[in-house]
Amino acid sequence: MSTEPDSTDSHGKRLSDGTITCCACGGDCEWEECHTGCEDGFFDAYDGDPLWYDPGDLVACTTCGGDGGHWWCSSPQCSTGMITIIRVPSLTPDNPS
């Protein structure tokens, strides 16, 4: 039984130059900053609840999961939308990509 997913929807591939492409259509992916204003994916918990947290106690943003944003497939013909899994091809003699 294969452990590979049946579909490439929501999967992206990081190329050697650092760009991300959609595995479903091969289109370019674009980075979109998180709309909550977390900036780097984290909030200072002290700002939200100073009774329970000390200044500098960081908690991950629940919207972006601490990533600071999301990758999106920019191709209008593709139905993938948000890229949730980014694959990094290994550089082996069998897989030179």
Side-chain angles (χ1 to χ4, degrees):
M1 179 177 224
S2 173
T3 59
E4 288 292 313
D6 294 334
S7 172
T8 56
D9 288 352
S10 77
H11 291 205
K13 179 180 177 183
R14 184 179 306 274
L15 303 179
S16 61
D17 64 357
T19 59
I20 306 291
T21 60
C22 177
C23 286
C25 73
D28 291 333
C29 295
E30 295 180 11
W31 178 256
E32 182 176 301
E33 297 289 327
C34 184
H35 68 278
T36 63
C38 65
E39 295 181 21
D40 60 356
F42 293 89
F43 288 104
D44 190 337
Y46 179 79
D47 294 340
D49 193 350
L51 295 176
W52 288 99
Y53 296 98
D54 293 324
D57 285 348
L58 299 178
V59 293
C61 173
T62 57
T63 300
C64 68
D67 292 333
H70 299 285
W71 287 101
W72 292 90
C73 179
S74 60
S75 173
Q77 292 82 21
C78 185
S79 63
T80 296
M82 186 170 65
I83 302 295
T84 56
I85 298 170
I86 297 177
R87 297 178 176 193
V88 180
S90 61
L91 298 175
T92 64
D94 296 334
N95 183 12
S97 60

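These numbers were taken from a predicted model, which means no experiment stands behind them.
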Shortest non-hydrogen contact from [X] to [Y]?
| X | Y | result |
| --- | --- | --- |
| Ile86 | Ile20 | CG2-CD1, 3.8 Å |
| Gly68 | Glu33 | O-OE1, 3.5 Å |
| Ala24 | Cys78 | CB-SG, 4.3 Å |
| Cys64 | Gly41 | SG-CA, 3.8 Å |

If I take atom [atom1] from residue [X] and atom [atom2] from residue [Y], how far apart are they, to the nearest 0.5 angstrom?
| X | Y | atom1 | atom2 | value |
| --- | --- | --- | --- | --- |
| Cys25 | Gln77 | SG | CD | 8.0 Å |
| Trp71 | Thr21 | CH2 | OG1 | 10.5 Å |
| Ile85 | His11 | CD1 | NE2 | 3.5 Å |
| Asp57 | Phe43 | CG | CZ | 15.0 Å |
| Ser10 | Met82 | OG | CE | 8.0 Å |
| Cys23 | Ile83 | SG | CD1 | 7.5 Å |

Quiz item: Has the side chain of Asp44 got a donor or acceptor atom that lies under 3.5 Å from a matching backbone atom of Leu58?
Solution: no
Quiz item: Mind checking whether Cys22 and Ser75 have side chains closer than 4.5 Å, heavy atoms only?
Solution: no
Exercise. Could I get the full list of side-chain contact (heavy atoms from CB on, under 4.5 Å) partners for Ser74, not counting sequence neighbours?
Key: Asp28, Glu30
